[in-house]
Structures are given as C-alpha cells and as structure tokens.
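Working notes for the structure below.
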Amino acid sequence: MILEPTPDQIIFYQIIQTALAKLYRAGKEPNIKKVCGLDVAYRNETATAAAVILQIGKGVVEKSIVKGRSQFPYIPTLLYAREAPLLLAAYKNLKTTPDLIVVDGHGIAHPRKAGLATIIGILLDKPTIGVAKRLLVGEVKESNKVLARIFYKSRCVGYRVKPEGSKAFYISPGYKIGLNGVKRIIQLLGLRYPVVLKEADRIARCWS
DNA sequence: GCGACAG
DNA sequence: ATCTTGTCGC
Ligand SMILES: [Mg+2]
C-alpha cells in the first residue's frame, strides 16, 4: 500500500522544490542530435519507467526500462516526488548521452516554478523541457494561434502548441533551456507532439 | 472557505 | 495514470 504523506512531509517536499527552483538557469541553446524521452506507466502498485534515446533522422538508438513500486501518491504540484526517482534510475541505465531530455510533465510552468522536468534537469545537470497534455497553472494568451504563450502571474512560462486538427499540448523550459530555446525546439519538432515521448509512453506501457 | 489541479 | 467496447468520422 502507498500511504498518504503526512502534512509535514508535504511541506518538506514543497520546501525542497522551492529551493531547487532557485537553481534554474536558461543556459545556452544546445545543438540537438540525440534526444531522450522520459515517461512512467502504472499497473496497480507497480511503476514502469522508460528512457528512450532518439537520434535525429535515424530513429530510436537505445532504450532503458526500470520497474519499481509506487512510493508516493499522485499529488498535483508534487509529481516529482512520485516519478523522479524511477525516471532518474531509467536514465542512468543509458550508455548514450543525449543533448536534450524531454519529460512528460511541466517544467517551470508550475506554482513553485519547479515541475518534474525542471527537477530532473537540475539533478542530472542536463538541458530539459517539459511537455504536458494539460495545463497545471497559467492561462493561454492569443489561443487562436497555433503557437500561443502561457502566462502565469504575468510572466510567460511556456507555450501551448495546437496543431491543425490535433490535440493541444503544453511545453515549458525545464533546465538549461529558456523560452527562446523552447520555441526553437518546438519548430524543430515540426509543431508536433514529440515522437520521443510517444515512444517512451508506448514502451513504458508495453512493459507494465 | 471554495475550486482547480501535470501524471 | 488507469479502468474499458463499441462507435463516430476522416
Ligand atoms: Mg506519462
């Protein structure tokens, strides 16, 4: 059984998160040749994490799967406490070093500016972006556009991409990537939901 | 206090 | 996230 964290534990995780948020840096635009996708699937008490490496113009070149037990429940804003440990384990099993890590979840588009993607990036000291299917906080401005900005507390924290005829998704900087970097990566993806995340999702679910 | 709320 | 069959539409 996964026991609910006590109020004290919740506060503890929030403090860690706020402290890590101060370490965020935009960094400089990386040359992206290899990208890593990170996702987790669940089946009862068992969690399955997948780390997939995609080489641009070549396809999947490596994958890592790690299984474990859910140690923490899903609590909005504290997703990192639930998923970061297993995702980090899966990533560290890889022999390939990617130029960018794409995480299923938000980056700085978070109440404490440190979503799962940001924390993964800081702990690995690697460039990351967060890609989510729904918004956690903030509002989309100029939602008529395919590429629209997300604002939270009067600050732009990322973009909503809405391809013609497809479902929208949300991208925010994780770590060592700024808003301009994210914008450039979105173009590099052809304004499409990242293939590397679809792969990570498919593989995690397949092994769960 | 009420409602919202990534995966 | 997951539980789940058929069904609507391009
Ligand atoms: Mg996922």
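In the text below, chain A, chain B and the rest are named by the order of the sequence lines, each starting its count at 1. These figures come from a predicted structure and were not determined experimentally.
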N or O in side chain of A/R82 less than 4.0 angstrom from B/dG7 OP1/OP2: no
Donor-acceptor contact below 3.5 Å, side chain A/R184 vs main chain A/L179: no
Nucleotide of B/dC5, C/dT2, B/dG7 approaching A/P76 most closely (side-chain heavy atoms): B/dC5
Face-to-face stacking of A/Y74 with C/dA1, centres under 5.5 angstrom, angle under 30°: no
Backbone N/O of A/A117 and side chain of A/T128: donor-acceptor pair under 3.5 Å: yes
Whole-Å distance separating the CD atom of A/E45 from the P atom of C/dA1: 18 Å
A/H106 NE2 to C/dA1 P, straight-line distance once rounded to whole Å: 13 Å
Separation of B/dA6 P from A/Y193 OH (nearest whole Å): 14 Å
Test log, rule side-chain contact (heavy atoms from CB on, under 4.5 Å), inputs A/I10 and A/Q14: CA-CA 6 Å; A/I10 299 279; A/Q14 290 173 337; 3.7 Å; yes
Distance under 6.0 Å and angle within 45° of ring axis: A/R134 vs A/F169: no
Sugar-phosphate only, base, or nothing, as touched by A/I75 at under 4.0 Å among non-hydrogen atoms: nothing
Nearest-angstrom distance from the residue atom CZ of A/F72 to P of B/dA6: 16 Å
Out of B/dC5, C/dT2, B/dG7, whichever nucleotide has its closest atom nearest the side chain of A/A41: C/dT2
Distance in angstrom units between A/Y42 OH and B/dA6 P, rounded: 14 Å
Short side-chain N/O contact from A/R134 to OP1 or OP2 of B/dC5, under 4.0 Å: no
Touch class at under 4.0 angstrom, heavy-atom based, for A/L78 against every strand present: base
Length of the CD1-C1' vector between A/I119 and B/dA6, whole Å: 12 Å
Out of B/dC5, C/dT2, B/dG7, whichever nucleotide has its closest atom nearest the side chain of A/R205: C/dT2
Distance, rounded to the nearest Å, where A/Q17 contributes CD and B/dA6 contributes C1': 11 Å
Distance test, side-chain N/O of A/K133 to OP1/OP2 of B/dG7, below 4.0 Å: yes
Between B/dA6 (C1') and A/D39 (CG): distance, integer Å: 12 Å
Short side-chain donor-acceptor distance under 3.5 Å, A/S70 and A/E45: no
